[in-house]
Every structure is written in structure tokens, then in C-alpha cells.
Amino acid sequence: MREIVLDGSPEPVLELTEALHAALNDGETVLPLAGTDPSCAALRAAMAPEDPVEPETAVLIATSGSTGEPKGVLLSATALRASATATHERLGGDGHWLLATPACYIGGVQVLVRALLADTEPGIVETRGGFVPEAFTAAAAGVLNEPGRHYTALVPTQLAKLLEDGAACEALRGFDAIVLGGAATSPSLRARAVDAGVRVVAAYGMSETASGCVYDGIPLDGVGVRLAGESDGIGVIEVSGSVLAHGYRRAPEHTAESFVDGWFRTGDLGRFDGERLEVLGRADDMINSGGVKLAPALIERVLLAQPSVAQACVVGMPDEHWGEAVVAAIVPASGVGGPDEAKLAAAVRAELGKAAVPKRFERLPTFPMRGPGKVDRGAVREAMGES
């Protein structure tokens, strides 16, 4: 197993690209790690790189997952190729890719795999000092200067930051498609991108599906999606197809529970709006308030539609009367004044009913994150419990 430690500079990414080429073609195994992540040592230890790797594993993605428990996702060359090929087919053909997200995560790995399959050299955004619009704009210029189609992948927080910068926004307009993953895309952010002439494609997927497998609510070619345990049109999302991982590192019982008869049980709730899949968040994030089950994602969507709200995270907090009380953490939008809590409550009531209205609003300067673009709900809950 070949370990590649990434620090946000281009050199390790180039090494990883070379290693991925060998993994796709010569049967090697690659383990990309984020050297700047405090959890890097724990994740590496959990991957046991000194032990023999499971057969047919081209890439081992180390992740803390939604629960914080270290695990490794086993991805074959077949799964990686299937995902990259289906993505190109959906977007309109091979092209030049710009890497802007960390390559220790599957979204970044897939940018490099797509570039390899397209036989193009990926552009790389320098992120050693953090993600800044100036670095993105400079790296984008080199990619956009190449003939053909141009793509990049971002998380919503990156897109929001780039849309606020004139030069970066102009660079965004040059891409034929921007794959937006890592976290849910709010309608307001998508509307801002459309108004700016930026072409975004919202992707749903995870390490176990070799990156995004559903684009703008429609599964990629060769991907199956169904809902398990469906009630009132809502069920747990399950995915099938050649994009699937073949299990978890040194965890046969966990593998047997999650991968059954060719289907992967995601743990996410969803529903279909016609032919399009709507993702409603993690099943274990559901709030049971007074016997009413509520999806935080739907409440967050209403809050994010308000101009005064930049970010929103809704969680359930222990409550003697309700069992769980709906509580909303808010990061106020800059330059528009603080959010009017009465107006926020009224908006939620009008859209989702009285039970969904947060019992309390808490303003935070920023949200703690886990992984690329994902809010750490547990840490948010702890922060609000201390306030």
C-alpha cells in the first residue's frame, strides 16, 4: 500500500496522480491522507497500512464518517473508472479538470481520476494557507486556457466564497460545469450561481459510491436508487451499480450490514419528486418532537432561503416536555443586519407547519466542520448546549 500525505501544496498531489495511474492500471493500492488534519494519525492507524490489503482495492479512503468513528472505504479500479466515465457522460464529455477540494477525500480523488481517464493534466489550487479566491482564480486561468471542456468540483462553502469575489466569479463562468458536493446545496446558493451565470451541478454521493452518483436528483447511468422502509414517501436511500465500494477495511461485519445483495444502505433519508431524488439528510439526524418526526434538512432549507441567513444547522435538543426540541443555529449573512427570529419562525411555520418551528435560535460566528463542507452537527449541538 502506497501512502501519500497531502499538505495543500501541488507536489504531493502530483505524486498522488502518479500513484492513482498505477492503481488504475497496475493493481497497486493508494492511501491518501491529509497531513494537516489533527485526526490524520488516528485515521492512518485505523487503516493498518502495514497489513495486507483486501483484494481488488485500488484506493483506500480513510474517513471519520458521520459518527466520527474511523473507517476505511475499499474502492476498486472498476468502481473508480465507472464513476468517472459516467460523470463525463453526464456532463458532456471528457475535459480539463481543476482540483480545488482536498485530494484525501473521494471528491478530490475523483477529479484526478477523471483527468487521468481524459488524458489531461489536472490544474491544482494551492491551499496550504487555506482556500482563497485568488489561488482559485490563478489556477483556473491555466485550466481554462486549454482547448476543450472545462470542469471543477467544489463544496458549497467554497462556491459561496468565490461568488463574492469578482475575479473568481468571472473564472467560474468559464467552466462548462461545476460539480457541487460534500454537503447539500441550498436553493438560495444555487439561485446566486444561476444569476451570476455559473453552471453548477448538485451531486449526491459518498466514498462508498466512489463520489457523486446522483446529479441534480437523477442517478448517473448504471446507478440504481431505491428507498427502503418507505413511509409517507420517505425512506432510507439505497444505491446499486458498478460505482460501489466492495466493503470496509478490516470490518467484515460492518461490510455485511451495509452492502447487501448488490445494494449499499446509505443511512440517508430521501424521497422522489417525480423522477428526481430529494435528499433529506441522515436518518439518525431526524428529530422526534412531541411525537412528530421532522427532517432538519427541510427546516434548514427554509431558513437558508431568508436573506439574513448565511448558514443554518437544525438539531434536536433534549426537552422534558417535547422529548426533543427543534433548535436552530444560525450564522447571520454579512451586510444585511441580524436575522429577525420572528420572521424566521413565521417562514418555517408557513412552509412546514407549527411543529417544525424552532423553539430557540442561536447565533454562531461559524460552524465547526467535519470533512469537506460538512457541518459537524454533534459539535454544533454541544456549542448550543453550552450557551
Side-chain angles (χ1 to χ4, degrees), residues 1-6 12-13 15-34 39-67 69-88 102-117 205-213 219-225 238-267 371:
M1 188 186 305
R2 182 174 176 182
E3 299 175 53
I4 309 290
V5 178
L6 302 149
V13 175
E15 182 183 355
L16 175 58
T17 304
E18 176 187 330
L20 286 172
H21 182 274
L24 291 172
N25 297 284
D26 302 325
E28 295 190 17
T29 301
V30 184
L31 170 61
L33 293 166
S39 65
C40 178
L43 287 175
R44 182 191 182 278
M47 296 307 100
E50 67 281 355
D51 291 350
V53 70
E54 288 83 347
E56 304 299 321
T57 302
V59 172
L60 175 59
I61 294 291
T63 173
S64 59
S66 60
T67 63
E69 179 184 351
K71 62 180 179 180
V73 179
L74 309 170
L75 289 164
S76 67
T78 298
L80 294 165
R81 286 178 176 275
S83 174
T85 300
T87 292
H88 280 146
C104 57
Y105 299 113
I106 187 58
V109 166
Q110 268 296 1
V111 165
L112 301 180
V113 171
R114 294 163 193 156
L116 284 169
L117 294 190
M206 56 217 69
S207 299
E208 289 89 342
T209 62
S211 195
C213 61
L220 295 177
D221 290 350
V223 172
V225 174
E238 295 187 341
V239 179
S240 68
S242 54
V243 300
L244 291 189
H246 51 281
Y248 295 108
R249 174 72 165 149
R250 304 201 313 169
E253 292 183 0
H254 192 185
T255 297
E257 292 173 357
S258 300
F259 296 86
V260 181
D261 296 330
W263 290 86
F264 169 64
R265 189 176 179 87
T266 67

Less than 4.5 Å apart, side chain to side chain, heavy atoms only: is that true for [X] and [Y]?
X      : Y      : answer
Leu33  : Cys104 : no
Pro32  : Leu20  : no
Met47  : Val53  : no
Val243 : Leu220 : no
Leu6   : Pro102 : no
Tyr248 : Val73  : yes
Val113 : Arg81  : no
Met206 : Thr266 : yes

Closest non-hydrogen atom pair between [X] and [Y], with its separation:
X      : Y      : value
Gly262 : Ser240 : O-CB, 3.3 Å
Ser207 : Leu75  : O-CD2, 3.5 Å
Ser211 : Gly107 : OG-CA, 3.9 Å

Begin with the C-alpha distance, continue with both residues' side-chain angles, and end with the deciding distance and a verdict on side-chain contact (heavy atoms from CB on, under 4.5 Å) for Arg250 and Glu54. CA-CA 8 Å; Arg250 304 201 313 169; Glu54 288 83 347; 4.1 Å; yes

Hey, mind stepping through Leu244 and Glu208 against side-chain contact (heavy atoms from CB on, under 4.5 Å) and telling me if it holds? CA-CA 6 Å; Leu244 291 189; Glu208 289 89 342; 5.9 Å; no

Verify, without hydrogens or angle tests, whether [X] (side chain) and [Y] (backbone) share a donor-acceptor contact under 3.5 angstrom.
X      : Y     : answer
His246 : Ala79 : no
Thr85  : Ala82 : no
Thr17  : Val13 : yes
Arg2   : Val30 : no

Measure the spacing between [atom1] of [X] and [atom2] of [Y] and express it to the nearest 0.5 Å.
X      : Y      : atom1 : atom2 : answer
Lys71  : Leu60  : NZ    : CG    : 12.5 Å
Thr87  : Leu117 : OG1   : CG    : 10.0 Å
Thr78  : Leu24  : OG1   : CG    : 9.5 Å
Phe264 : Cys213 : CZ    : SG    : 9.5 Å
Leu116 : Leu80  : CG    : CG    : 10.5 Å
Met1   : Thr57  : CE    : OG1   : 8.0 Å

Between Ser83 and Gln110, do the side chains contain an N or O donor and an N or O acceptor separated by less than 3.5 Å?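 Yes - a donor-acceptor pair under 3.5 Å links their side chains.
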
Checking Val59 against Thr29 for the side-chain contact (heavy atoms from CB on, under 4.5 Å) test, could you report, in this order, the C-alpha distance in whole Å, the side-chain angles of both residues, the deciding distance, and whether it holds? CA-CA 5 Å; Val59 172; Thr29 301; over 6 Å; no

Just wondering, more than 12 heavy atoms not from Glu3 lying within 6.0 Å of its CD?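 Check passes, neighbour count above 12.
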
Does anything in residues 251-265 form a side chain to side chain donor-acceptor pair (under 3.5 Å)? List the pairs, not counting sequence neighbours.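 Only Glu238-Arg265 qualify under side chain to side chain donor-acceptor pair (under 3.5 Å).
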
As a quick check of understanding, evaluate side-chain contact (heavy atoms from CB on, under 4.5 Å) for Val239 and Val223, giving each step before the final call. CA-CA 7 Å; Val239 179; Val223 172; 3.8 Å; yes

